[in-house]
Amino acid sequence: MSDNLRHTDYQQSNYRSIALFLFFSFFIPLICIILLETCPVFHSGISNLILFGIEGTSPFLAVFIVLWIQGGRKKVQLELHKKYFNNLSIKYVFLAIVIPLLILTLAKLTILCMYPKESFLHPITMKKLLIISWALIAEELGWRGFLQEKLDSILPTVLVPFTVGIIWAMWHYHFILSGSMSIPLLAFLFGCIFESYGYYAITRLSKGNIIPASLWHFTGNLFFNLYRFDPSWNHGDTTMYWITTLFYSLSIMIFLFTKKRFHK
């Protein structure tokens with residue numbers, strides 16, 4: 001078999017994998033929304049929380065399903081080991097916590113200059129902390145561990161995080177439909193795109209290990225809540241969220257600074 005033919009087969013396999021992943025990532029939350037709307041048992045309590053958890057974990061579940069279809073349990077085990085255990089670096093784990101903390105703290109300090117009476121930190125409930133902690137396993141195997149890696153073999157490097165960011169933003173449709181998200185859509189889209197460049201950089205520098213990206217996601221969500229950037233906490237005022245989105249553009253600078261170290 002010629003190299004060109006092998007390359008074509010590889011590309012077609014990637015396209016099929018991406019299509020399957022996107023189908024399950026978007027379809028699973030839709031099923032959850034239908035159950036939420038039609039079954040009273042899911043309207044509150046632990047059953048509601050479980051359904052919310054399944055919605056948020058759909059990227060992880062989608063990867064699991066695609067890998068199982070393609071190679072069964074062995075392929076699932078190999079991929080999970082590769083993404084969570086291979087090339088784990090304490091340096092990048094540390095950076096994945098410090099970078100979003102620094103970006104969001106700079107945003108918060110800027111906001112405090114504009115709103116001096118605003119509190120620096122706000123308490124969160126244990127339920128909220130549990131939901132935030134779900135980010136450690138729920139999404140990054142899908143977005144950065146699977147989709148980003150597949151797109152990296154198809155698109156130019158600079159377009160990969162841009163594309164993942166758009167898809168990632170669109171995936172949140174189920175939170176909008178369920179009324180659990182009130183962020184301005186345009187600002188949210190920009191935020192997902194900007195932040196995806198940082199995720200791309202940290203994942204590529206980690207040679208595909210997604211623990212740093214997962215910790216970045218968790219840290220970002222945690223301090224987003226502790227600093228109360230959501231408009232729903234600010235009487236509908238979107239100023240704080242837009243400032244945060246602007247500061248997330250620093251992720252692009254991180255990407256550009258480290259870009260020369262990426263190798264296709």
Side-chain angles (χ1 to χ4, degrees), residues 29 49 52 55-56 59 95-136 138-140 143-144 161-162 164-202 212-257:
L49 186 61
F52 186 85
E55 285 183 56
L95 286 175
I97 296 172
V98 170
I99 290 172
L101 175 57
L102 178 62
I103 290 173
L104 292 177
T105 301
L106 287 172
K108 183 65 177 186
L109 291 173
T110 301
I111 289 166
L112 288 174
C113 292
M114 300 171 61
Y115 302 94
K117 294 183 179 180
E118 167 69 14
S119 298
F120 185 67
L121 289 174
H122 298 266
I124 57 175
T125 64
M126 285 302 298
K127 179 181 177 181
K128 193 70 175 179
L129 182 59
L130 175 63
I131 292 172
I132 293 168
S133 300
W134 202 234
L136 289 169
E139 295 187 43
E140 292 312 317
W143 304 132
R144 261 51 70 164
F162 180 83
V164 174
I166 291 175
I167 294 172
W168 181 29
M170 292 172 59
W171 170 80
H172 286 79
Y173 79 93
H174 54 100
F175 292 133
I176 298 171
L177 290 178
S178 64
S180 58
M181 187 171 131
S182 58
I183 298 169
L185 295 183
L186 187 59
F188 183 71
L189 175 62
F190 281 131
C192 287
I193 292 172
F194 294 159
E195 197 173 357
S196 288
Y197 281 89
Y199 283 129
Y200 183 92
I202 202 73
S214 299
L215 286 168
W216 182 316
H217 198 150
F218 165 75
T219 304
N221 284 359
L222 176 62
F223 282 89
F224 181 87
N225 282 271
L226 288 173
Y227 291 157
R228 292 208 172 178
F229 291 139
D230 195 301
S232 64
W233 294 319
N234 298 293
H235 309 291
D237 187 352
T238 62
T239 305
M240 292 186 186
Y241 192 87
W242 275 107
I243 291 172
T244 307
T245 300
L246 179 63
F247 271 92
Y248 265 134
S249 66
L250 293 172
S251 295
I252 297 177
M253 295 175 62
I254 296 168
F255 168 82
L256 294 174
F257 182 75

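The structure presented is a predicted model; accordingly, all values stated were derived computationally and were not measured.
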Next on the checklist: Evaluate F52 against F175 for side-chain contact (heavy atoms from CB on, under 4.5 Å), listing each step before the verdict.
Outcome noted: CA-CA 9 Å; F52 186 85; F175 292 133; 3.5 Å; yes

Item to check | Taking every non-hydrogen atom, the tightest pair across A138 and G56 | outcome: CB-O, 3.3 Å

Next on the checklist: Run the side-chain contact (heavy atoms from CB on, under 4.5 Å) test on N221 and F218 for me, step by step, so that the C-alpha distance in whole Å, both residues' side-chain angles and the decisive distance to 0.1 Å come before the verdict.
Outcome noted: CA-CA 5 Å; N221 284 359; F218 165 75; 5.9 Å; no

Checklist entry - Going by atom types only, do E139 and W168 share a side-chain donor-acceptor pair under 3.5 Å? => result yes

Enumerate donor-acceptor pairs with a distance under 3.5 Å from any side-chain N or O in residues 119-129 to protein atoms, sequence neighbours excluded.
| from | atom 1 | to | atom 2 | distance (Å) |
| --- | --- | --- | --- | --- |
| H122 | NE2 | E118 | OE2 | 3.0 |
| T125 | OG1 | K128 | N | 3.1 |

Item to check | Distance, nearest 0.5 Å, that separates NZ of K108 from CZ of F224 | outcome: 11.0 Å

Item to check | Residue pair F190 / W242, side-chain heavy-atom distance below 4.5 Å | outcome: yes

Checklist outcome for this item: Closest non-hydrogen contact found for P59 with W143 is CG-CZ2, 3.5 Å

Checklist entry - For the residue pair C192 and G165, what are the closest heavy atoms and their distance? => result CB-O, 3.5 Å

Checklist entry - CD1/I166 to CD1/I193 distance, rounded to the nearest 0.5 angstrom? => result 4.5 Å

Item to check | Nearest-0.5 Å distance, CD1 of residue I243 to CE of residue M114 | outcome: 4.0 Å

Tell me which donor-acceptor pairs under 3.5 Å the side chains of residues 244-256 have, and how far apart each pair is, sequence neighbours excluded?
| from | atom 1 | to | atom 2 | distance (Å) |
| --- | --- | --- | --- | --- |
| T244 | OG1 | M240 | O | 2.8 |
| T245 | OG1 | Y241 | O | 2.9 |
| S249 | OG | L246 | O | 2.4 |
| S251 | OG | Y248 | O | 3.2 |

Item to check | With Y115 via ring-ring contact (aromatic ring centres under 6.0 Å, His included) - residues at least two apart | outcome: none

Checklist entry - Under 6.0 Å from the CH2 atom of W134, do we count more than 12 heavy atoms belonging to anything else shown? => result no

Checklist entry - Between NE2 of H217 and CD1 of I132, what distance do you get to the nearest 0.5 Å? => result 10.5 Å

Checklist outcome for this item: Minimal heavy-atom distance between G220 and L104, with the atoms involved, is O-CD1, 3.4 Å

Checklist entry - If you round to the nearest 0.5 Å, how far is CG of L136 from OG1 of T219? => result 8.0 Å

Checklist entry - After noting the C-alpha distance and the side-chain angles of L49 and I131, does the key distance pass the side-chain contact (heavy atoms from CB on, under 4.5 Å) rule? => result CA-CA 9 Å; L49 186 61; I131 292 172; 4.2 Å; yes

Checklist entry - Atom CZ in F162, atom CD1 in I167: separation rounded to 0.5 Å? => result 11.0 Å

Next on the checklist: Ignoring hydrogens, what is the shortest heavy-atom contact between L215 and I97? Give both atom names and the distance.
Outcome noted: CB-CG1, 4.3 Å

Item to check | Non-hydrogen atoms of P184 and T238 that approach each other most closely | outcome: CG-CG2, 3.4 Å

